[in-house]
*Asks:* 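Quick one: this structure, given as structure tokens, is what I'll be asking you about.
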Amino acid sequence: MSDRKPIISGNWKMNLNHFEAIQTVQKLHYSLPKEVYDSVDVSVHPPFTDIRSVQTVIEADDLDILLGAQHCHWEETGAFTGEVSPAFLAKLDVQLVVCGHSERRDLFGETDEMVNQKVHAIFKHAMTPIMCCGESLDEREAGETEAKVLSQVAAGLDRLKADQVASMVIAYEPIWAIGTGKTATADDAQTVCNAIRNAVAAQFGADAAAAVRIQYGGSVKAGTTEELMAQPDVDGALVGGASLDPDEFARIVQFAIA
Ligand code: 13P
């Protein structure tokens, strides 16, 4: 076991309206004993239209659940129709922002360079990036997993300071495992997460590599969490579908520290 605090994040994607979001976060809170948060960070990443409502519940009820977002632009203001400023997220007390998710890259054309700009913007507003990386099935079958993932990591972390990298989260999400019910084996997840940590060490030094938290994501369920979390370089999970069910998500959180 490392001394990195595990972090379990629920990426709700484009699911749950703001009423449903409030209920989900309240149920999650009731399903988790208060002491859990001493051992694991838990974040939820609702759609933008839910964030204000979820923030109000978290603050009014003094919940220990961390508020996250799924995406942001890198500019503070301007003519970017439909985009959301990192400054606006920070104003809503958002703490963690996912960036570079494969769905953003594949469906909305986000490049490594855009992801890097977002990472810098998220830090500028004193929030923590959860920067995603991961290979497609074709890339995996061609034996290109590490080359792909490490090139995304190097580009995404470009021009950061070592202490910033130390404080952030990297999520390894093999694209073929997202929403498919297929998970990487715990060994495969460990191999790639270890390669990411070694690349961070080479680029930013041993201290940053020892501190950066690396999540696995892709069809994580309660039943697969314990084995994944037993891997020395897997520090948490980025959970999609299973995070929409507060009971299942609470079980994942508890298995993460079992
Ligand atoms: P699933 O857990 O639904 O596979 O989604 C994973 C994911 O993309 C989280 O960001």
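If you read the sequence from its start, that first residue is 1, and numbering goes on from there. Whatever order the structure lists ligands and atoms in, that order sets their numbers, starting from 1.
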*Asks:* Do NZ/NE/NH1/NH2 and the carboxylate oxygens of D247 and K27 come within less than 4.0 Å?
*Replies:* no

*Asks:* Do any nitrogen or oxygen atoms of T180 come within less than 3.5 Å of a nitrogen or oxygen of ligand 1?
*Replies:*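 Looking only at distances, the answer is no, because the N/O contact criterion of under 3.5 Å is not met.
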
*Asks:* Taking 4.0 angstrom as the limit and counting only heavy atoms of A177, give me the atoms of ligand 1 inside it, by number and element.
*Replies:* 4 (O)

*Asks:* Under a 4.0 angstrom heavy-atom cut-off, which atoms of ligand 1 come close to G218?
*Replies:* 4 (O), 6 (C)

*Asks:* Any idea which protein heavy atom is nearest atom 7 (C) of ligand 1, and the distance to it?
*Replies:* E173 OE2, 3.0 Å

*Asks:* Test: ring pair (Phe, Tyr, Trp, His ring centres under 6.0 Å). Region: residues 74-129. Which pairs qualify, not counting sequence neighbours?
*Replies:*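 Sorted pair list: H73-F80.
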
*Asks:* Determine yes or no for a side-chain-to-main-chain donor-acceptor pair under 3.5 angstrom, with K118 supplying the side chain and C72 the backbone.
*Replies:*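 Yes: the side chain of K118 pairs with the backbone of C72.
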
*Asks:* What do you reckon, is CZ of R52 surrounded by more than 12 foreign heavy atoms closer than 6.0 Å?
*Replies:*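 Counting other residues, nucleotides and ligands, CZ of R52 stays at 12 neighbours or fewer.
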
*Asks:* Which residue is it: E139, E141, E135? I am looking for the one with a salt bridge (charged side-chain N to carboxylate O under 4.0 Å, His left out) to K148.
*Replies:*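 Result: among E139, E141, E135, E139 is the only option passing the salt bridge (charged side-chain N to carboxylate O under 4.0 Å, His left out) with K148.
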
*Asks:* Side chain or backbone, does G179 bring an N or O within less than 3.5 Å of an N or O on ligand 1?
*Replies:*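 Yes, since at least one N or O of G179 sits under 3.5 Å from an N or O of ligand 1.
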
*Asks:* List in chain and number order the residues that pass salt bridge (Lys or Arg N to Asp or Glu O under 4.0 Å) with R251, two or more places apart in sequence or in another chain; answer none if no residue qualifies.
*Replies:* E248

*Asks:* Please list the nearest protein heavy atom to atom 3 (O) of ligand 1 with its residue and the distance rounded to 0.1 Å.
*Replies:* G241 N, 2.8 Å

*Asks:* So between S219, G134, G181, whose heavy atom ends up nearest atom 1 (P) of ligand 1?
*Replies:* S219

*Asks:* Mind checking whether L238 contacts ligand 1 via backbone (N, CA, C, O), side chain (CB onward), both or neither, at a 4.0 Å heavy-atom cut-off?
*Replies:*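 Within the 4.0 Å criterion, L238 contacts ligand 1 through backbone and side-chain atoms alike.
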
*Asks:* Does the side chain of I170 come within less than 4.5 Å of C133's, by heavy atoms?
*Replies:*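 Yes. Closest side-chain heavy atoms under 4.5 Å.
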
*Asks:* For D112 and N116, which I'm curious about, is there any donor-acceptor pair between the side chains at under 3.5 Å?
*Replies:* no

*Asks:* Nearest protein heavy atom to atom 5 (O) of ligand 1, by residue and atom, and its distance?
*Replies:* K13 NZ, 3.2 Å

*Asks:* Can you tell me which residue and heavy atom of the protein come closest to atom 2 (O) of ligand 1, and the distance to 0.1 Å?
*Replies:* G240 N, 2.9 Å

*Asks:* Taking non-hydrogen atoms only, is A171 closer than 4.0 angstrom to ligand 1 via side chain, backbone, both or neither?
*Replies:* neither

*Asks:* Would you say N11 has any N or O atom under 3.5 Å from an N or O of ligand 1, going by distance alone?
*Replies:* yes

